[in-house]
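Working notes, structure below.
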Amino acid sequence: MIARASKLFLPTLRDAPADAEAASHRLLVRGGFIRQVGAGLWTFLPLGWRVHQKVVQIIREEIDAIGGQEMLCPVLTPAELWEQTGRIAIPQLFKLSDGSGRPFVLALTHEETMTFHGRELQSYKELPQLWYHFSTKERDEPRPRGGLLRVREFIMKDSYSFDRDEAGLDASFERHRQAYERIFERCSLEVYYVDAESGIMGGKESKGFLAPTGSGENELMRCENGDYFADAEAARGVPRSPELPDPLDAPEEVETPGVTTIEGLAEFLGVDPAATSKAMPVVVGDRLVLALVRGDDRLSEEKLETFFESAFRPATEDEVRETFGAGGGSIGPVGAKVDVIADEALREGQFVAGSNQDGRHVRGVEAGRDYQATFADIRQAKAGDACPSCGGKLGVQPAIEVGHIFKLGTFHSVALGATFLDEDGQEKPIVMGSYGTGPARTIAAVVEQHHDEAGILWPDSVAPYDVHVVLLPELGERGEEVARELDAAGKDVLLDDRDLRAGEKFADADLIGCPWRVTVGKKTLEDAAVDVRRRATGEERRVSIADVGDSLT
RNA sequence: CGGGACGUAGCUCAGCGUGGACAGAGCACCGCGUUUGGGUCGCGGAGGUCGCCGGUUCGACUCCGGCCGUCCCGACCA
């Protein structure tokens with residue numbers, strides 16, 4: 001097909017809006033692909049929507065290829081479904097009611113609704129099933145940002161697998177992993193399949209697909225030797241070994257007047273900060289527990305949430321004083337009357353800890369001997385940690401999470417009563433998985449990975465048009481001829497027939513970023529030829545008009 | 001939700017400190033001419049509730065208060 005720029009709504013901008021920081025944000029706005037309507041709310045203009053549709057089609061083909069059945073669920077959802085799974089409590093969930101006061105939510109994902117339909121599955125003979133849809137998700141994000149990077153409303157492809165058992169789920173999960181790899185490959189995205197945290201999803205295992213970029217919401221942690229990749233929130237970095245002082249036979253109290261920070265404590269006592277511990281009192285449900293990490297580490301809230309399988313909150317100052325008899329900077333595990341969750345890094349060795357008395361700490365505190373704890377990986381990995389598989393150095397870089405896949409298990413099917421009769425006559429809950437990817441984020445990631453100073457460099461597979469024909473003045477007839485040749489060769493053509501100067505057209509062509517540019521100008525027409533240029537490389541060659549249809553390779 | 005900043009033409013911004021005249025520039029837009037392979041040049045023109053409400057004042061884009069919106073950092077983030 002041939003689209004004429006003179007007729008298109010294609011508002012390109014010379015300047016980017018002042019508040020645009022991310023490259024994808026700036027270029028998509030400048031190139032006339034998207035426009036902001038409100039915080040985290042974006043319209044896809046005609047060009048942007050073409051790209052979105054290309055990505056959607058790639059996803060559709062790959063999910064169809066693994067047996068997906070496309071359908072469509074509503075966004076507006078009776079709150080009852082979300083009450084049954086307990087996810088009504090998610091703060092990001094938009095809640096509203098209709099005119100007669102019935103409560104609804106705006107779906108932020110569709111586990112509840114899909115499981116609701118899964119209740120119609122009765123027999124193992126009907127399993128497995130794989131259902132998916134492209135639908136609008138609504139999220140009350142406290143802080144949208146970065147153009148398309150984090151928004152409040154967006155289209156997501158989410159699929160849901162229904163299996164008899166864990167083995168079936170594993171197979172469905174693996175098929176999605178492979179489909180996602182193919183999707184991102186086709187979009188020319190560099191992505192890494194990494195451990196992720198499922199957070200409040202209610203699942204037990206989840207994996208993310210992270211595209212490393214200049215700007216992004218997530219952080220990709222990668223080993224310098226290329227053998228370990230993880231979402232920084234879930235990474236299992238190995239912390240450096242601390243310089244431990246000589247061990248003591250028993251804990252020993254020391255006066256530490258006015259010392260409430262790890263830095264202050266380490267300096268005051270002349271010890272390695274890594275030889276101290278810090279205690280974070282948190283409340284899970286109605287239970288106060290003490291999370292303990294090494295002094296130089298940060299607690300990973302995501303990991304702790306996964307450990308508890310529930311959200312938690314920091315204890316208040318009053319709760320801390322009432323339970324421990326000391327202020328937040330002075331509490332510790334020794335003699336505490338609460339459960340202690342300690343990070344693995346504290347399993348071996350003696351550390352300085354709070355004493356539960358203001359102005360004092362204890363040193364020589366040893367897990368197992370001086371306090372009892374449940375050990376878990378609850379520290380936040382950081383750059384400089386050692387790789388868990390080879391010992392190499394880990395580094396971090398910003399990344400966009402373009403896909404996230406979950407083994408949900410039976411969390412939703414149990415809550416909503418989606419069961420089937422198995423071969424053995426037993427009624428069992430369906431074993432589920434869910435698999436999400438956002439075309440808009442994928443587009444943002446593609447732009448982040450494929451652009452230069454002048455504009456976007458679309459991969460062939462998702463470009464808004466295959467070829468951008470720059471028609472220089474007074475050559476209208478010949479331009480039409482070239483466009484028809486290209487159209488006949490099956491190319492989608494953007495014909496820039498606007499009455500503008502060459503420089504402006506070239507600049508717009510660079511900005512919009514179609515993979516090929518064909519210049520129709522007087523210079524070459526006397527030879528019945530045009531100049532064909534590859535956007536990504538800048539290579540240009542002269543081709544006769546008769547051959548132009550086959551020249552884009 | 002904490003911290004910071006901003007809100008004046010479609011976009012980028014000046015003006016506001018020290019209140020006072022028709023509220024300005026560049027780009028974009030419309031007309032005419034010029035130019036025509038990398039954002040020409042000239043002339044003319046259109047375009048504004050100065051975010052909203054209230055207060056102070058003879059007089060408010062400017063000062064004060066409240067609200068709304070947007071962005072950045074953090075918290076949060078299926």
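All of these numbers come straight from a predicted model, not from anything done at the bench. Sequence lines set the chain letters: A, B, ... in the order given, protein chains first and strands last, and positions in each chain run from 1.
Side-chain proximity of Arg14(A) to C71(B), G39(B), G38(B): nearest is G39(B). Considering only side-chain atoms of Pro142(A), the nucleotide from C1(B), G38(B), C27(B) that sits closest is C1(B). For Ala507(A), counting side-chain heavy atoms from C-beta on, the closest listed nucleotide (A28(B), G38(B), C77(B)) is G38(B).
Pairing partner, C41(B): G33(B), with both Watson-Crick or wobble hydrogen-bond distances short of 3.5 Å. The partner of G2(B) is C73(B), judged by Watson-Crick or G-U wobble contacts that both fall below 3.5 Å. If you check G17(B) for Watson-Crick or wobble pairing at under 3.5 angstrom, you find it has no partner at all. With a 3.5 Å ceiling on both atom-pair distances, U57(B) lacks any Watson-Crick or G-U wobble partner. In a base pair of the Watson-Crick type (N1 to N3 plus N6-O4 or O6-N4) or a G-U wobble (N1-O2 and O6-N3), with each distance short of 3.5 Å, U12(B) is matched with A25(B). With a 3.5 Å ceiling on both atom-pair distances, U49(B) lacks any Watson-Crick or G-U wobble partner. G7(B) and C68(B) make up a base pair, with Watson-Crick or G-U wobble contacts both under 3.5 Å.
Using a 4.5 Å heavy-atom threshold, the side chains of Leu72(A) and Ser135(A) count as touching. Glu217(A) has its side chain out of reach of Ile400(A): every pair of non-hydrogen atoms, C-beta onward, lies at least 4.5 Å apart.
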Please tabulate, one pair per line, each protein N/O and nucleotide N/O from nucleotides 5-16 of chain B that are separated by under 3.5 Å, including the distance.
| unit_1 | atom_1 | unit_2 | atom_2 | d |
| --- | --- | --- | --- | --- |
| U12(B) | OP1 | Ala18(A) | N | 2.8 |

Dump every N/O contact between nucleotides 31-37 of chain B and the protein below 3.5 Å, one line per pair.
| unit_1 | atom_1 | unit_2 | atom_2 | d |
| --- | --- | --- | --- | --- |
| U35(B) | O2 | Arg501(A) | NH1 | 2.3 |
| G37(B) | O2' | Lys523(A) | NZ | 3.2 |
| G37(B) | O6 | Gly521(A) | N | 3.3 |
| G37(B) | O6 | Gly521(A) | O | 3.4 |
| G37(B) | O6 | Thr524(A) | OG1 | 3.4 |
| G37(B) | N1 | Asp531(A) | OD2 | 2.9 |
| G37(B) | N2 | Asp531(A) | OD2 | 3.0 |

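Nucleotide G74(B) holds its P atom 7 Å from the CZ atom of Arg143(A), rounded to whole Å. Between Arg30(A) atom CZ and G39(B) atom P the separation is 15 Å, expressed in whole Å. Nucleotide G39(B) holds its C1' atom 11 Å from the CZ atom of Arg498(A), rounded to whole Å. A straight line from CG of Asp452(A) to C1' of G38(B) spans 14 Å, rounded to a whole angstrom. Counting to the nearest Å, the C1' atom of C77(B) and the CZ atom of Arg441(A) are 9 Å from each other. Rounding to whole angstrom units, CD of residue Gln36(A) and C1' of C72(B) are separated by 14 Å. At whole-Å resolution of the value, CD in Gln92(A) and P in A75(B) are 15 Å apart. Computed from coordinates, the Gln380(A) CD to A75(B) C1' distance equals 12 Å when rounded to whole Å.
Contact check on Asp297(A) versus Lys382(A) returns a salt bridge, with a Lys/Arg side-chain nitrogen under 4.0 Å from an Asp/Glu carboxylate oxygen. Salt-bridge check for Lys522(A) with Glu526(A): failed, with every basic side-chain N at 4.0 Å or more from each acidic carboxylate O. Using a cut-off of 4.0 Å between Lys/Arg side-chain N and Asp/Glu carboxylate O, Arg236(A) and Asp377(A) are scored as not salt-bridged. Between Arg517(A) and Glu540(A), at least one side-chain nitrogen of the basic residue sits less than 4.0 Å from a carboxylate oxygen of the acidic one, meeting the salt-bridge criterion. Between Arg150(A) and Glu141(A) there is a salt bridge, since at least one side-chain N of the basic residue sits less than 4.0 Å from a carboxylate O of the acidic one.
For residues 69-81 of chain A, the pairs satisfying salt bridge (Lys or Arg N to Asp or Glu O under 4.0 Å) are Arg60(A)-Glu70(A), with sequence neighbours left out.
Cation-pi geometry between Arg533(A) and Trp516(A) is not satisfied (NZ or CZ under 6.0 Å from the ring centre, within 45° of the ring normal). In this structure, Lys137(A) fails the cation-pi test against Phe154(A), since its NZ or CZ atom is not both closer than 6.0 Å to the six-membered ring centre and inside 45 degrees of the ring normal.
Here the separation of A23(B) from A14(B), taken at their C1' atoms, is 11 Å to the nearest Å. Of the C1' atoms belonging to U56(B) and C68(B), the separation is 23 Å, rounded to the nearest Å. Spacing between A46(B) and A25(B) at atom P, rounded to whole Å, works out to 13 Å.
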